[in-house]
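By convention in this document, chain letters (A, B, ...) are assigned in the order of the sequence lines, proteins followed by strands, and residues within each chain are numbered from 1. No experiment lies behind these values; they were computed from the predicted model shown.
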Amino acid sequence: MPELPEVETIRRDLSPRITGKSFVALTLNWPKTVQNQSAEAFKQGLIGQTICGLDRRGKYLILRLASGDSLILHMRMSGSLLVEPGCESDPYTRTVFHLDDGSSLCFRDPRKLGVMWLVKDAGEVVGKLGPEPLDSSFTVAIFGERIGRRSAPIKAVLCDQGIIAGIGNMYADEALFAAGIHPLRPADNLSNGEAERLYAAMRQALERGIDCCGASISDYQRPGGQTGTAQAAFKVAHRKGQPCPSCGTPIERIPIRQRGSYFCPRCQPYRKRQSKRNKS
DNA sequence: CCCGGAACCTGAAGGC
DNA sequence: TGCCTTCAGGTTCCGG
């Protein structure tokens with residue numbers, strides 16, 4: 001499930017392999033992937049355009065085009081982008097981008113939840129996202145201020161793309177474990193010290209994920225077909241019943257907002273504070 | 001404004 | 001062995 005580290009890995013792998021190339025044809029096997037216009041208009045708008053660079057915003061991959069347009073892709077649950085020869089005939093390839101050097105870029109997506117846009121201004125798609133968690137401008141003060149305005153469970157707030165961009169289920173669970181915070185704690189109930197610990201844990205979890213080239217939990221694979229290795233370093237995510245690496249207590253799984261949340265009940269006790277942190 | 005839940009999807013896994 | 005149900009979760013939309 002591509003989150004920030006997985007999309008960043010895709011961006012880094014793909015950038016040298018497709019930058020400078022142009023689209024010469026498009027095969028759309030699942031037209032509903034196209035978001036803001038008809039599949040035919042999307043195809044005609046893209047053919048002839050040249051890729052001049054790749055950006056990432058949250059979990060969105062942005063292909064900057066020479067015209068100033070942006071081709072934006074979101075993998076959602078099961079999407080991956082592949083450049084390996086033969087990917088065109090994979091039964092789960094939903095879109096084939098044919099490039100001017102004879103190579104292909106394939107959008108493989110078994111569950112068909114992935115989406116893409118061709119827009120004049122990338123802000124039309126990514127404009128409502130919260131700040132990038134790894135930007136140097138994203139300080140602990142900004143983090144505390146943004147999560148401290150919400151009363152929802154901290155797990156849900158961490159995964160809210162409008163609060164912070166790029167964090168999903170896996171890395172939220174890892175960050176909360178590293179910070180020793182129960183996922184159901186109301187976000188506005190964390191102490192300043194807890195918010196500081198969570199900020200550091202979140203950034204470390206994401207950086208570690210990037211260093212490992214992402215986590216191959218389900219369908220995720222890198223553009224060259226390799227898998228990521230971050231899942232091996234996960235301490236709680238997708239480890240229900242396994243002993244906590246710190247204390248040996250079995251990892252539990254509870255649903256929060258229809259999502260599985262994995263945590264250690266001993267290392268992440270639910271201790272609600274009496275008074276709220278000072279706001280403003 | 002803010003919260004929680006349904007819908008979109010299909011392969012994998014578990015139950016009987 | 002095989003059918004059926006449940007689960008997986010990022011995002012958007014909707015109702016309270």
Below 3.5 Å is the cut-off: list the nitrogen or oxygen pairs between protein and nucleotides 7-9 of chain B, distance only.
{"from": "B/dC9", "atom 1": "OP1", "to": "A/Lys32", "atom 2": "NZ", "distance (Å)": "2.1"}
{"from": "B/dC9", "atom 1": "O2", "to": "A/Arg111", "atom 2": "NE", "distance (Å)": "3.2"}
{"from": "B/dC9", "atom 1": "O2", "to": "A/Arg111", "atom 2": "NH2", "distance (Å)": "3.2"}

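- Pairs engaging residues 222-231 of chain A under the side chain to side chain donor-acceptor pair (under 3.5 Å) rule: A/Asp13-A/Arg222 [sequence neighbours left out].
- Using a 4.0 Å heavy-atom criterion, one finds that A/Pro186 contacts no nucleic acid atom at all.
- Side-chain contact between A/Thr50 and A/Asp100 is absent, with no heavy atoms from C-beta onward closer than 4.5 Å.
- Identified under the side chain to side chain donor-acceptor pair (under 3.5 Å) test for residues 169-181 of chain A, with sequence neighbours left out: A/Glu6-A/Tyr171, A/Lys155-A/Asn169, A/Lys155-A/Asp173.
- Grouping Ile, Leu, Val, Met, Phe, Trp and Tyr by side-chain contacts under 4.5 Å, direct or through others, puts A/Tyr262 with A/Phe177, A/Val236, A/Ile251.
- Taking the six-membered ring where the residue is Trp, A/Phe143 and A/Tyr199 present tilted rings, their angle falling between 30° and 60°.
- Rounded to whole Å, the distance from CZ on A/Arg253 to P on B/dA13 is 15 Å.
- The separation between A/Ile163 atom CD1 and B/dC2 atom C1' is 10 Å, rounded to whole Å.
- Put simply, the side chain of A/Ile18 does not reach to within 4.5 Å of the side chain of A/Phe97, judged on heavy atoms.
- Every pair passing side chain to side chain donor-acceptor pair (under 3.5 Å) that includes a residue from residues 112-130 of chain A is listed here, sequence neighbours excluded: A/Asp69-A/Lys120.
- Classification of A/Asp90 and A/Arg108 as a salt-bridged pair holds, one side-chain N sitting under 4.0 Å from a carboxylate O.
- Remark: A/Arg150 is not in phosphate contact with B/dC2, judged by side-chain N or O atoms under 4.0 Å from OP1 or OP2.
- For B/dG11, the OP1/OP2 oxygens have a side-chain nitrogen or oxygen of A/Tyr92 closer than 4.0 Å.
- Here chain A contacts DNA chain C (any atom closer than 4.0 Å to a heavy atom, that is under 4.0 Å), and the contacts span C/dA8 to C/dT12 from 5' to 3'.
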